[in-house]
Amino acid sequence: MKRYKKLAVFGGTFSPVHNGHLLALRAYAETVRPDVLYIIPTAVPPHKKREDDATDAERLAMLRIAIEPLDLPCEIVVSDMEIARGGKSYTVDTVEILLRIADEVVIYCGTDMLLTLDGWYAYERLLHMVTVAYMQREDDGRYAVEIAEKVQQLTKTCGARFIALPPLSVEISSSAIRDSVRQGKDISMFVPEGVASYIRREGLYR
Ligand code: ATP
C-alpha cells in the first residue's frame, strides 16, 4: 500500500460542491503542501441536519466533476470512505484509518466548523492526532475574537496544533446555492459549469 509523509483531509457535505470549496482547497494545498489531498464527503453529518435532496452518489459525482480540471500541487483523491462506512461520520475514526497510510494528517476547517470543534465526538483524541488548518469564512470576521480565543484555548488544553490559512472572503455556501435553485435563480457564478449542468440535468434541490 502506498505510504505518504503528509496527508491533508478536506471533509464536508458538498451538497453541492461550490467555488468557495475549490478556492479554499487551492489555498489549503498551497499552504500545507501535502503529498496527497483526500476530499471526503460525509455520510451523515453529526453537526448539521441534512436538508438536501442530493444522494451520496450525486454528491460524489459533482465532486468528481469539479475536481477533474483542478491543477493542484499534490495528488488528489475523492474518497467515498465515509459514505461506504455508513452511519455517522466521525472525523476521529476517519483520521485513525488514514494514519495507517500517512505519517502526518492535517484537517481543514472553515471557521464555522472551528468554532464547534470542541463539540465534536472525541475531539481531544482527534486533536492529538492532527494539525488543524483553518480559514476565516466570509461572515466570520465578526467572530475574530472568539476564533482567536478558541485557538488559544485548544492549544493550551489539548496541545492542539493550528495553521491559519489566508482568508478568501468568498461569500458562497451550499445552503445558499440550494435556496437559489429552489427559487429558480442562476447559480452559474457559484459552481463550476459542469456542476451547474449536472444539477440542472438531474433536477437536484428542487
Ligand atoms: P452548508 O451551507 O450546507 O452548511 P457549506 O457551504 O458550509 O454547506 P460544507 O460542505 O459543509 O459546505 O463545507 C465543507 C468545509 O468547507 C467546511 O469546513 C466549511 O467551513 C468549508 N467551506 C465551505 N464554504 C467555504 C467558503 N466559502 N470559504 C471557506 N471555507 C468554506
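Here the structure is a predicted model, which means the values were calculated and not measured. Excluded from the calculations below are hydrogen atoms, water molecules and symmetry mates; all remaining heavy atoms, backbone and side chain alike, are included. Counting convention: from 1, in listed order, for ligands and their atoms alike.
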Mind jotting down which residue pairs meet the salt bridge (Lys or Arg N to Asp or Glu O under 4.0 Å) criterion with at least one end in residues 117-136? Sequence neighbours excluded, please.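 For residues 117-136: E96-R125, D118-K150.
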Atoms in ligand 1 flagged as close to [X], the criterion being non-hydrogen separation under 4.0 Å:
| X | value |
| --- | --- |
| Y108 | 16 (O), 18 (O), 21 (C), 29 (C), 30 (N), 31 (C) |
| R178 | 3 (O) |
| G20 | 27 (N) |
| F10 | 15 (C), 16 (O) |
| G12 | 10 (O), 14 (C) |
| I172 | 24 (N), 27 (N) |
| G110 | 18 (O), 20 (O) |
| F14 | 10 (O) |

Candidate pair V95 and I107, rule side-chain contact (heavy atoms from CB on, under 4.5 Å), full reasoning: CA-CA 9 Å; V95 168; I107 64 170; 4.1 Å; yes
Please state which option from H18, M135, M113, R137 has its nearest heavy atom closest to atom 22 (N) of ligand 1.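 Result: the heavy atom closest to atom 22 (N) of ligand 1 is in R137.
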Ligand 1 to C109 polar contact by distance, N or O atoms, under 3.5 Å: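 No: no nitrogen or oxygen of C109 is under 3.5 Å from one in ligand 1.
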Which pairs, with at least one residue in residues 63-89 and sequence neighbours excluded, count as a ring-ring contact (aromatic ring centres under 6.0 Å, His included)?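 As it turns out, there is no ring-ring contact (aromatic ring centres under 6.0 Å, His included) pair with a partner in residues 63-89 once direct neighbours are skipped.
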Could you check L165 against Y108 for side-chain contact (heavy atoms from CB on, under 4.5 Å), going step by step and ending with a plain yes or no? CA-CA 9 Å; L165 299 172; Y108 172 90; 3.6 Å; yes
Do the side chains of [X] and [Y] get close enough for a salt bridge, i.e. N-O under 4.0 angstrom?
| X | Y | answer |
| --- | --- | --- |
| K2 | E75 | yes |
| K156 | E149 | no |
| R137 | D112 | yes |
| K185 | D179 | no |

Contact partition for D112 relative to ligand 1, non-hydrogen atoms under 4.0 Å: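 Side chain only.
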Could you see which bit of E171 sits under 4.0 Å from ligand 1, with heavy atoms only: side chain, backbone, both or neither?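 No part of E171 comes within reach of ligand 1.
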Would you check whether Q136 reaches within less than 4.0 Å of ligand 1, judged by its heavy atoms?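 The answer is no: ligand 1 sits nowhere under 4.0 Å from a heavy atom of Q136.
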Would you say G11 touches ligand 1, if touching means a heavy atom closer than 4.0 Å?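 G11 counts as a contact of ligand 1 under the 4.0 Å cut-off.
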Verify the cluster assignment for L154 and V145: are they in a single hydrophobic cluster under the rule of side-chain heavy atoms below 4.5 Å apart?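 No, L154 does not connect to V145 through the hydrophobic network.
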